[in-house]
Amino acid sequence: MNPFPFSDDNKRYHTFNYYLRHRFKEKVFKVGLDAGFTCPNRDGKAGFGGCTFCNAIGSGDFGGSRLDPLDVQFEQGVSMMRKKWPHGKAIAYFQSFTNTYASLAEIQAKFQPIFQRDDVLAMAIATRPDALEDDVLTYLDHLADKKEIWLELGLQSIHDETAKSVNRGHDFRKFMESFQRVRKTKLKIAVHLLNGLPGETPQMMIESARVVGSLHPDAVKIHMLNVLENTKLAEQYKQNPFPLLTMDEYTDLVIAQLEVLPQETVIQRLTGDGDPKDLIEPKWTMKKTIVLNTIDQKMARLNTMQGAKYQESN
């Protein structure tokens with residue numbers, strides 16, 4: 001019998017699938033959208049060139065095309081997902097670039113038609129801590145009266161030296177300021193962590209998870225660093241290859257991170273797969289099912305689970 005309380009299967013961590021099934025009582029999937037936003041780290045407000053690991057489409061590899069209207073993107077995405085889950089309901093996921101970086105009027109014009117659709121169960125909005133104006137937060141908080149709204153805050157690492165090295169454009173203090181502001185709203189918060197950034201040790205990555213866990217976000221997303229074509233990181237890697245985590249190292253690291261996160265924190269993602277045509281390394285990230293199964297097997301073998309070391313670590 002699985003000892004983990006937030007599980008209906010063999011998972012020893014709090015999966016997003018578990019949360020959605022228990023929250024909405026039906027199958028729910030995300031539909032990625034590109035609303036045509038840009039990023040303060042590209043237009044000069046926070047910096048130029050973007051984060052070194054971010055590609056030309058703003059990390060929205062499997063979302064819609066900004067060349068298509070949002071309603072067309074959404075309908076195409078739903079049609080694709082319903083081939084697998086005919087009766088599933090959709091979360092509209094504004095994924096590419098920084099989706100709160102615009103005037104309130106522009107944001108409302110893009111969000112409102114999607115939000116009002118009867119076939120949209122909830123919305124998820126990917127953004128940065130340095131692109132959250134008060135009027136936008138107030139607007140989103142108002143939307144959350146009617147439907148669940150997830151705000152995905154990119155952090156990647158708590159270590160400022162790492163953030164500077166990848167041209168992140170903001171520091172941990174700025175993240176904390178924004179996190180506390182969002183905490184005062186009805187919005188749900190998902191924090192992004194990125195493993196394998198150049199110069200970081202496993203201990204640093206575990207510390208990032210430990211500190212984020214102490215904040216009790218509603219969810220965490222964990223991703224392995226992908227070296228993608230047409231990024232600054234790819235140029236650096238080709239000129240002077242830096243070590244990348246192996247799948248065995250990554251799965252061990254993720255388990256250690258899960259152990260220091262509270263059991264109540266939803267784990268929206270433990271791995272990610274970049275577009276195969278752009279992925280330089282590590283190739284093992286394309287084996288998503290194998291990565292997740294390896295995590296499950298190792299956790300069972302170690303008889304550990306999410307939160308196993310949370311109390312002693314905080």
Side-chain angles (χ1 to χ4, degrees), residues 12-16 51-55 59 61 126 128-129 152-168 172 175 190-215 217 219-228 231-234 236-237 241-262 265-275 278-299 302 304 306-310 313:
R12 290 169 173 253
Y13 57 93
H14 195 158
T15 68
F16 197 32
C51 300
T52 61
F53 52 80
C54 190
N55 62 10
S59 298
D61 296 282
R128 290 165 52 95
E152 299 193 2
L153 284 179
L155 172 61
Q156 320 313 344
S157 170
I158 68 166
H159 305 286
D160 285 344
E161 62 270 30
T162 302
K164 188 174 181 180
S165 73
V166 298
N167 195 39
R168 182 65 192 163
F172 183 60
F175 168 83
V191 179
H192 288 218
L193 292 175
L194 188 56
N195 287 336
L197 289 166
E200 288 217 343
T201 64
Q203 290 72 27
M204 292 171 71
M205 295 175 238
I206 295 168
E207 183 64 12
S208 286
R210 190 193 322 275
V211 171
V212 167
S214 71
L215 300 176
V220 168
K221 279 187 170 184
I222 299 175
H223 200 306
M224 173 61 195
L225 177 70
N226 285 337
V227 181
L228 300 172
T231 63
K232 183 66 176 178
L233 189 72
Q236 296 170 349
Y237 186 77
F242 46 85
L244 294 167
L245 296 171
T246 66
M247 189 178 79
D248 196 46
E249 291 170 335
Y250 181 79
T251 51
D252 285 347
L253 171 62
V254 166
I255 291 169
Q257 291 174 313
L258 288 172
E259 288 178 328
V260 300
L261 290 170
T265 300
V266 177
I267 309 300
Q268 288 198 5
R269 182 180 64 194
L270 283 185
T271 187
D273 45 349
D275 191 329
D278 293 330
L279 181 64
I280 298 173
E281 290 290 350
K283 299 294 188 184
W284 59 259
T285 58
M286 296 171 63
K287 304 174 182 177
K288 190 172 181 179
T289 301
I290 294 175
V291 174
L292 294 175
N293 287 344
T294 300
I295 291 170
D296 293 340
Q297 292 161 7
K298 285 185 175 183
M299 293 185 82
L302 293 168
T304 193
Q306 181 180 337
K309 297 181 181 178
Y310 175 71
S313 301

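We use all heavy atoms of the structure for the numbers below, so side chains are in, but hydrogens, waters and symmetry mates are not.
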### Message
Within this structure, what is the OG1-NZ distance for the pair T251 and K298, rounded to the nearest 0.5 Å?
### Response
3.0 Å
### Task
Assess the side chains of T52 and Q236: does a donor N or O sit below 3.5 Å from an acceptor N or O?
no
### Message
Between V220 and I222, is the side chain to side chain contact (heavy atoms under 4.5 Å, CB included) condition met? List the steps.
### Response
CA-CA 7 Å; V220 168; I222 299 175; 3.8 Å; yes
### Task
Search all heavy atoms of I295 against all heavy atoms of Y13 and return the closest pair with its distance.
CG2-CE2, 4.4 Å
#### Entry: Sole residue of V227, N226, L194 in side chain to side chain contact (heavy atoms under 4.5 Å, CB included) with F53
L194
### Message
Quick test of your reading of the model: are K164 and E161 salt-bridged, counting only N-O distances below 4.0 Å?
### Response
no
### Shortest non-hydrogen contact from P282 toward L245
CB-O, 4.5 Å
### Message
Taking salt bridge (charged side-chain N to carboxylate O under 4.0 Å, His left out) as the definition, give me every residue that meets it alongside R12, ordered by chain and number, with sequence neighbours left out.
### Response
none
#### Entry: Heavy-atom closest contact (Y250 atom, L270 atom, distance)
OH-O, 2.7 Å
### Query
Is H159 reaching over with its side chain to a backbone N or O of M204, donor-acceptor style, under 3.5 angstrom?
yes
## Note on the structure
Nearest heavy-atom approach of G272 to H223 is CA-NE2, 3.6 Å
### Exercise: identify the closest heavy-atom pair between Q306 and M299
N-CE, 3.8 Å
#### Entry: K232 side chain to V166 backbone, donor-acceptor under 3.5 Å
no
### Message
I'd like to know if the side chain of W284 reaches the main chain of V291, judged simply by a donor and an acceptor atom lying under 3.5 Å from each other, with no hydrogens or angles considered.
### Response
no
### Residues F175, L215; criterion side chain to side chain contact (heavy atoms under 4.5 Å, CB included); working and verdict
CA-CA 12 Å; F175 168 83; L215 300 176; 3.9 Å; yes
#### Entry: Approximate separation, where rounding is to 0.5 Å, of I255 CD1 and T294 OG1
9.0 Å
## Note on the structure
Closest non-hydrogen contact found for G213 with L261 is CA-CD2, 3.7 Å
### R128 (side chain) donor-acceptor with R168 (main chain) under 3.5 angstrom
yes
### Task
Check the angle between the aromatic planes of F242 and Y237 and answer parallel, tilted or perpendicular using the 30° and 60° thresholds.
perpendicular
